[in-house]
Amino acid sequence: MPMIHGLHFNNFRGDIYGGVVAAVVALPLALAFGVASGAGAIAGLYGAILVGLFASIFGGTPAQCSGPTGPMTVVMAGILVQFSDNPALAFTVVIMGGGLQILFGLLGFGHYIALVPYPVISGFMSGIGCIILILQVGPLVGFEAKPEGIYANLLAIPEFLSNPLPQATILGLLTIAIMYLTPVRMSQLIPPQLLALCAGTLGAYFFFPHAPVIGNVPEGFPSFIIPDMETSVMLLMVEGAVVLALLGSIDSLLTSLVCDNMTRTQHDSNQELIGQGVGNMMAGLFGGLPGAGATMRSVANIRSGGRTPISGILMSLVLLATLLGLGPLAEKIPLAVLAGILFKVGLDIIDWRLLRHLVKAPRTDVLIMGVVLIITVLVDLISAVGVGIVLASLLFVKRMAELELANLRVISEPTQEIPFHPEEKAILERNTGRIVLIHVDGPMSFGSAKTMVRRLESLKGFNTFTHVVLDLSDVSAIDGTAALAVEDMLRMVQAHRQNLYFVGIKPGVLKVLEGLGVLDHIGPEQRYDLRLDALRHADQGHNFSPTDELSGAQRA
């Protein structure tokens with residue numbers, strides 16, 4: 001594994017321009033995220049520098065630019081509230097989260113994280129967007145956000161809007177207008193976020209001096225934070241670390257996919273997790289916000305020519321140079337301007353693509369997305385993701401079970417659904433009411449296993465057939481529950497004193513059936529490789545039945 005994935009110097013000029021543009025985009029967002037988190041504007045800048053630098057050096061997506069993001073800021077704000085009496089604990093949680101990301105990468109979890117269903121991702125991203133919007137309503141009209149959390153701010157919205165501070169409100173609305181109305185050509189020269197930041201700050205300085213501003217912002221390099229632990233809150237710390245690690249990993253890998261599509265390259269998921277983990281650990285050690293792969297600045301970097309980690313490294317160095325002389329200027333930035341910038345961020349995070357097709361989208365996807373969104377806003381992210389994944393899995397199993405059941409056919413005469421050999425057709429036609437063929441096509445899993453057995457048990461007249469041909473030649477895979485369901489089918493045939501003919505088993509299916517002792521109930525003379533051979537013997541009246549002797553455990 002190379003230390004710097006994708007590093008080369010063939011695109012040096014493009015990387016320089018891309019890194020500078022990404023830094024310009026990152027600066028106002030870092031300040032806004034820092035203020036929104038409660039850690040202060042400088043913490044957002046520290047996070048942008050440290051996560052951006054180390055994720056570029058150790059990560060697995062060459063053109064990705066990392067730093068604080070809206071979702072990570074929302075989670076970090078909650079963690080800071082939980083440990084407000086000892087902020088060192090909050091930043092220790094960031095370090096722990098980074099360590100978990102490194103562990104995810106080393107264990108090869110990168111590919112599995114990408115398997116989180118889209119409706120779950122859509123739901124929690126939209127939920128986070130809603131949280132950002134709710135938290136910024138107060139600052140947008142001149143009030144501080146309530147420290148008690150999302151409920152308090154949601155309930156306080158009527159109070160905020162009924163008595164807005166005029167100067168702050170004008171600046172906030174002006175910021176939103178600039179963010180949305182900046183012409184495309186101008187936005188290519190200067191990012192709307194930076195244009196809004198500069199215009200809003202100058203407007204406050206000359207025309208609206210009473211609008212609340214950031215206030216004191218430290219200058220210089222960050223100081224080292226000694227990690228702290230308290231056993232009484234260890235469970236809360238671990239929970240926060242898991243949320244940061246999962247969210248940061250998902251957020252980063254989704255942005256990696258965007259970068260791949262734009263650059264026609266292939267990222268290394270596991271190395272990307274390691275790089276993000278190192279970056280977040282360093283951010284925690286120096287009081288910076290945790291971060292992830294940031295779509296907005298990554299896209300700006302790529303569109304400006306950035307293709308290698310040099311651009312991400314340069315972005316961090318430009319932000320570092322800015323940090324050393326930014327303090328006096330940043331203190332004058334109005335909070336309403338930062339709220340306006342974040343207001344657009346919140347709207348952008350919401351998954352409008354799915355919401356636009358809400359009426360025609362699959363009902364199950366809409367249900368999962370809605371449940372995850374509500375739980376994200378009203379409970380917490382880890383509960384939302386957990387419930388969403390379980391719900392998506394159950395609905396998927398239900399759908400697969402329905403498909404598997406559709407592939408179970410009980411045939412007593414030729415049908416167009418299955419291509420029969422002419423001799424097979426002839427045998428079934430002259431043995432109508434005597435031979436029944438049970439044919440399963442495709443995989444058999446726990447979702448449909450018991451229902452298959454009940455379907456056979458409830459089939460009218462099934463016990464009147466004297467010969468049963470069980471055809472598993474088209475079963476591609478089987479799990480333990482389905483294998484035991486096959487055993488139940490054999491018991492049913494035995495109870496009816498019917499002759500059994502067992503047809504075709506693929507190696508993978510054979511291994512499962514043998515491992516669970518299912519084939520102990522079938523004599524060698526009852527197993528056939530070809531369905532035609534089994535039907536021939538049934539036609540000739542060979543008398544077989546499942547092995548009568550069962551062990552005590554099997555009888556039970």
Side-chain angles (χ1 to χ4, degrees), residues 389-412 418 435-531 534-535 537-538 543-556:
I389 290 176
V390 170
L391 182 59
S393 300
L394 290 176
L395 292 173
F396 176 77
V397 169
K398 180 178 181 295
R399 177 59 179 155
M400 290 300 101
E402 291 171 352
L403 293 175
E404 290 173 13
L405 285 173
N407 292 327
L408 171 67
R409 296 181 177 90
V410 182
I411 302 165
S412 60
I418 298 177
I435 297 177
V436 63
L437 170 66
I438 302 172
H439 179 265
V440 184
D441 187 4
M444 295 179 67
S445 68
F446 67 93
S448 62
K450 291 298 180 182
T451 309
M452 284 185 176
V453 177
R454 286 196 295 269
R455 182 172 165 183
L456 289 178
E457 289 175 339
S458 61
L459 193 65
K460 186 177 180 180
F462 179 81
N463 61 343
T464 62
F465 292 95
T466 56
H467 302 277
V468 178
V469 179
L470 180 56
D471 183 6
L472 302 184
S473 57
D474 291 326
V475 174
S476 55
I478 192 169
D479 64 12
T481 305
L484 294 177
V486 171
E487 182 179 21
D488 290 340
M489 292 181 190
L490 300 180
R491 290 176 182 274
M492 183 173 62
V493 171
Q494 179 190 31
H496 294 156
R497 300 293 180 182
Q498 295 165 310
N499 297 308
L500 174 72
Y501 307 83
F502 204 76
V503 181
I505 308 176
K506 288 182 168 55
V509 177
L510 177 64
K511 183 177 180 181
V512 176
L513 294 177
E514 285 182 337
L516 290 173
V518 176
L519 297 185
D520 294 345
H521 309 313
I522 306 170
E525 71 281 359
Q526 297 172 269
R527 292 169 57 178
Y528 299 85
D529 293 329
L530 300 176
R531 183 172 59 212
L535 288 171
H537 282 81
N543 293 324
F544 300 123
S545 62
T547 303
D548 292 333
E549 293 301 324
L550 299 176
S551 67
Q554 290 168 332
R555 288 183 184 278

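Just so you know, these numbers use all the heavy atoms, side chains as well, and skip hydrogens, waters and symmetry mates.
- Summarising the geometry, atom CG belonging to Asn407 is positioned 5.0 Å from atom CG belonging to Asp441; distances are rounded to the nearest 0.5 Å.
- Looking at every heavy atom in both residues, Ala534 comes nearest to Val503 through CB-CG2, 3.5 Å.
- The closest donor-acceptor contact from the side chain of Arg455 to the backbone of Leu408 lies under 3.5 Å.
- To the nearest 0.5 angstrom, Leu405 atom CG is 9.5 Å from Met444 atom CE.
- Minimum heavy-atom separation, Ala538 to Ile435: CB-CD1, 3.6 Å.
- One finds the CG atom of Leu513 at 5.5 Å from the CD1 atom of Ile505 (value rounded to the nearest 0.5 Å).
- No side-chain heavy atom of Lys506 sits less than 4.5 Å from a side-chain heavy atom of Ile478.
- A 4.5 Å side-chain heavy-atom check between Met452 and Glu404 finds at least one atom pair inside the cut-off.
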Hey, mind stepping through Thr481 and Asp479 against side-chain hydrogen bond (donor to acceptor under 3.5 Å, both in side chains) and telling me if it holds? CA-CA 6 Å; Thr481 305; Asp479 64 12; 4.6 Å; no
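- Between Leu535 and Tyr501, the closest side-chain pair of non-hydrogen atoms is not below 4.5 Å.
- With Asp471 contributing its side chain and His439 its backbone, the two residues share no donor-acceptor pair below 3.5 Å.
- Distance check: Phe465 CZ to Leu459 CG gives 7.5 Å after rounding to the nearest 0.5 Å.
- Between Ala483 and Val512, the shortest heavy-atom contact is CB-CG1, 3.9 Å.
- No side-chain heavy atom of Val468 sits less than 4.5 Å from a side-chain heavy atom of His496.
- Here the closest non-hydrogen pair linking Pro443 and Ser476 is N-OG, 3.5 Å.
- Under the 4.5 Å side-chain criterion, counting only non-hydrogen atoms from C-beta, Val469 is not in contact with Tyr528.
- The nearest pair of heavy atoms linking His521 to Gln526 is O-OE1, 4.4 Å.
- Closest approach of Ala449 to Ala482, counting heavy atoms only: CB-CA, 3.6 Å.
- Within a 6.0 Å sphere centred on CG of Asn463, heavy atoms belonging to other residues, nucleotides or ligands number more than 12.
- Taking 4.5 Å as the limit, some side-chain heavy atom of Leu470 sits within range of a side-chain heavy atom of Val486.
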Could you go through the side-chain contact (heavy atoms from CB on, under 4.5 Å) check for Glu487 and Leu516 one step at a time? CA-CA 9 Å; Glu487 182 179 21; Leu516 290 173; over 6 Å; no
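- For Arg454 and Glu457, the salt-bridge test fails: no basic side-chain N is under 4.0 Å from an acidic carboxylate O.
- Put simply, NE2 on His467 and CG on Leu500 are 11.5 Å apart, with the number rounded to the nearest 0.5 Å.
- Of the possible polar contacts, one joining the Gln498 side chain to the Phe462 backbone as a donor-acceptor pair under 3.5 Å is found.
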